[in-house]
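These figures come from a predicted structure and were not determined experimentally. Below, each value reflects all heavy atoms present in this structure, side chains not excepted, and no hydrogens, waters or symmetry copies. Each chain gets a letter, A, B and so on, in the order its sequence line appears, and its residues count up from 1.
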Amino acid sequence: MLRNDLPLGADAAARFLPWIVGTMVYLAALALASAFAVNLAIGSWRADITGELTVEVPDFGDVADTERQARLEAVVTDLLAIDGVEGAALIGPEEVRRLLEPWLGPDAAAADLPLPDLIAVTLARDAAVDLPALEAKLDETAPGLRIDDHRGWIERIDRIGTLVELLTAAVVLLVAGAAALAVVFVTRTGLDIHRQTVDLVHMLGARDGYIARLFERHALAFGFIGGILGLAAAIATISAIGLAASRAGAGLLPTVHLGLPHWVALACLPFAAAAVAMLTARWTVLRTLSRGL
Amino acid sequence: MLRNDLPLGADAAARFLPWIVGTMVYLAALALASAFAVNLAIGSWRADITGELTVEVPDFGDVADTERQARLEAVVTDLLAIDGVEGAALIGPEEVRRLLEPWLGPDAAAADLPLPDLIAVTLARDAAVDLPALEAKLDETAPGLRIDDHRGWIERIDRIGTLVELLTAAVVLLVAGAAALAVVFVTRTGLDIHRQTVDLVHMLGARDGYIARLFERHALAFGFIGGILGLAAAIATISAIGLAASRAGAGLLPTVHLGLPHWVALACLPFAAAAVAMLTARWTVLRTLSRGL
Amino acid sequence: MVLLEDVSVRYGTGPEVLHDISFALAPGSFHFLVGPSGAGKSTLLKLLHLAVRPSRGRLNLFGRDVNALARADLPAMRRRIGVVFQEFRLIPHLSAFDNVALPLRLAGAKGGEIRQHVTELLQWVGLGDQIETRPARLSGGQQQRVAIARAVIARPSLLIADEPTGNVDDRIAMRLMYLFEELNKLGTTVLIATHNEALVNRFGHRQLRLDGGRLLTRPRPAEVG
Amino acid sequence: MVLLEDVSVRYGTGPEVLHDISFALAPGSFHFLVGPSGAGKSTLLKLLHLAVRPSRGRLNLFGRDVNALARADLPAMRRRIGVVFQEFRLIPHLSAFDNVALPLRLAGAKGGEIRQHVTELLQWVGLGDQIETRPARLSGGQQQRVAIARAVIARPSLLIADEPTGNVDDRIAMRLMYLFEELNKLGTTVLIATHNEALVNRFGHRQLRLDGGRLLTRPRPAEVG
Ligand SMILES: Nc1ncnc2c1ncn2[C@@H]1O[C@H](COP(=O)(O)OP(=O)(O)OP(=O)(O)O)[C@@H](O)[C@H]1O
Ligand SMILES: Nc1ncnc2c1ncn2[C@@H]1O[C@H](COP(=O)(O)OP(=O)(O)OP(=O)(O)O)[C@@H](O)[C@H]1O
Ligand SMILES: [Mg+2]
Ligand SMILES: [Mg+2]
């Protein structure tokens, strides 16, 4: 009805609101995106090693190559016969050397290292394999053999994953709290600046809700604008970091790509920010007004 | 003289200032600390491998242990005779196995892997060693020997280091800009709220500098308080992350400890923030006032 | 209409500013409120337009006990009261027109009606060529006239004016007084606080005289409504 | 002291509010400025206390051409002028005492001196028991008296008062007029804008009469100083 009862948009404080909300959305978006990326990386790493065992077959001493190959294949056959084992494949010395390359340096491949034979075992999902029993059984076929289920690694990765999730939740909460606090301050400042007008409109018979709506609408609009700007900046930053990282750290940093659900979650941020801004403004005005007569 | 010419500290907008400055200092401190940590990690990693060469001496086939030992020692002697080489030490098979352990899993140590002999060569600072010539020369003593100078790794690490530095600089600049912007807005809001008082004091014959000082002093005090709070929060966060990381990611994440210069740099942040706040407030007031009569 | 029984007022924890005030204003009556500066005139008026509450005693407005009113009841009641504040209190960013139109808009009046009434009234108070001007660009007396127009535009049941002619010359003061009398004839109860003795003497309305927070004259019992 | 030659004033890009005003105030003179509401009285006063600049013509204050003054020269000049604003303009968070003390403090007076002078003056205007009260807790007339005390406290060379008795009763108005006369006797040039015809008639000082932005009476040439 009275769109311009209060020229809130002209106050320095109000013009500040989009910047604050924008910064907060920017930070929240970056935090969420890094959490998504870390979780994706952890997830794929974990998937790689959870469903797998590595069987290490030592050098048998002075046996002939054919004899050795036969023994290895016997182990593979044994493995495949076991419940829960989906696949078992020999990793030849070449492959082992390739795997070790990043560790020993690029020249290791050329070096003439005698290496153990490895068998990569793929397990069915949720298969419960009794490792000691398995080891004992296979040891008959190939004495000295060892099974590695990477359990220590998985536990460490999981702990890092939880840590990242907690940190992200903390950052997002902090940022939402900071944004709400900013809206409280901006709204109170608006009430400060327009104290006399608000009092007067009140005295002329306007209801609290009417006054709250003026601030509310303003916070909604400015919060949303800020949110959109913050999100845009965040997307630009994420892309830039992704690009820079894939160039500079190729091979060292895992390359992950956010999926549709991740982008949707990020796109929700401006709406959430606008809603937080609006409700906070409404609450602040009503609370401040209710203290008067 | 007139300490309370303007009750700036009572405005919602002004009470907001320490929070904004605090948040900015917090973010800047975290960015700086992570940059320091990454740089320290990179630095120590780089130092580890820059001044070093690894000489890989392959299995000589069926030579006796004493013969093999003699040849290795001949290589070491040759190496030590070369200009720029400061030290050369045999890394025995036990040591090599220990180095490989994180890669092959904890059980690798027990496996009976035949491994190459390695010689760790320490170079003098800034020594320019001609690798191909060196390799050709040593090959006479121990044929099939290879030298690895980790150059590819160093380049990648350096690129990551530069990336981190650029990112940090960007964050700190962004944060300083945001803080200055916040001070501009808060100061303008203060001028808005106290417009009538400022005009009046002006009409009574106060100079611009007198009015600017009121805002300036306030921005300095509140900026400094905010900076201290932000820094305290950042230190708490850094310690918490350090603790959590060393617990959850032991071995995966490198443990770095910030030194005195780093802490001094962080401790400068609140002062820098207060100075930025003060100068920005002064500039804002003088600029706004100079528009009037 | 307005009935006070032994009403006292204090601001916050300060001393009492009004002591044991009792009087009644009959519907359609016209009173002046006089007394020296600091006597409590503005405070008494604030009481009547619900800006302060009695700290003791009973205040009855439009047949309802003010002490028993809930916060949510106040807006509707305030819309029946027109107020001219001593310090005008115009909304700085609204034009004279929008300032005067505000009470009509809050009451939900229609646009065309608003435009006609507001324009007419502003012309009557001599501001016909400053309809779109903002308060800061009006002279003191012009602002006072906008404030008066705003107070009367919605034909309130009760009109309260605090020193409404302090910033205008005698010719305009007379014109404004005729406006109040006109409104009074249409049924509005009027109470005007003023220092302008000439004015009080010229218009022979009854007087309430305050001094040191006490009422010296009170309307005769027969007038109580 | 004050010399205007064909001065015109407009606000921003609006129409001219004052047209070709020429007059002079001799040092130590006492003038009333009268005229209907909206005539331009406040604007003329604003010109003299350097709140607006002439858009045309020459204004000479204390022997200096105002159009030629740099921004940095203004504060020192303003300190020689005491102003009572039509809308008081007290500083809301300062007590009556601190409001009145402000010009002395800006001039660098000593604490003990300030305390004595301010207290005496507040007592004289009848606010002896409200020295520590803030403006919001003062009545309209009380605020006006604080504003007047602030204007005269530093013994200005030129005193400008805009409707200084609009919110006080006749007894206090007389008292304030005596204060202005006292100051005038000590050498201050006084110019008072007012609607209070009774007051103007009672004190036989010369009048400047404005109407529609034009000066109708002007002081005789002999008085120019
Ligand atoms: N908000 C307030 N808080 C505390 N005291 C106040 C407040 N408003 C007024 N007073 C005090 O109450 C007394 C009466 O004030 P009031 O404004 O009612 O006087 P008034 O009769 O309207 O005077 P005037 O003619 O000067 O306007 C004064 O002494 C004043 O100091
Ligand atoms: N800041 C301003 N901007 C534009 N126009 C203004 C401004 N102030 C005053 N005016 C206009 O200038 C004219 C003269 O105003 P001024 O305040 O000087 O009158 P006045 O003689 O003091 O009247 P009053 O007795 O009502 O106070 C008026 O028509 C007014 O609308
Ligand atoms: Mg009053
Ligand atoms: Mg005026």
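- Environment of CZ in C:Arg79: crowded, with over 12 heavy atoms of neighbouring residues, nucleotides or ligands closer than 6.0 Å.
- Interatomic distance, CD of D:Gln86 versus CD of C:Gln143, reported as 8.0 Å (0.5 Å rounding).
- In this structure, the portion of C:Arg145 lying under 4.5 Å from any heavy atom of chain D is its side chain and not its backbone.
- For C:His49, the ring-ring contact (aromatic ring centres under 6.0 Å, His included) test picks out C:Phe85, with sequence neighbours left out.
- Other residues, nucleotides and ligands place more than 12 heavy atoms under 6.0 Å from the CZ atom of C:Arg175.
- Close approach to chain C, defined as a heavy atom under 4.5 Å from one of its heavy atoms, is seen in D:Ser139, D:Gly140, D:Gly141, D:Gln142 of residues 123-142 of chain D, taken by number.
- Residue pairs satisfying the side-chain hydrogen bond (donor to acceptor under 3.5 Å, both in side chains) criterion with at least one member in residues 2-19 of chain C, sequence neighbours excluded, are listed as follows: C:Asp6-C:Ser22, C:Ser8-C:Arg56, C:Tyr11-C:Thr43, C:Tyr11-C:Lys46, C:Glu16-C:His19, C:Glu16-C:Arg56.
- Taking 4.5 Å as the heavy-atom cut-off, the residues of residues 158-169 of chain D that approach chain C are D:Glu163, D:Gly166, D:Asn167, D:Val168, D:Asp169, ordered by number.
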Practice item. Report the C-alpha distance between D:Glu197 and C:Asp170 in whole Å, list the side-chain angles of each, state the deciding distance to 0.1 Å, and finish with yes or no for side chain to side chain contact (heavy atoms under 4.5 Å, CB included). Key: CA-CA 8 Å; D:Glu197 313 251 334; C:Asp170 288 353; 3.8 Å; yes
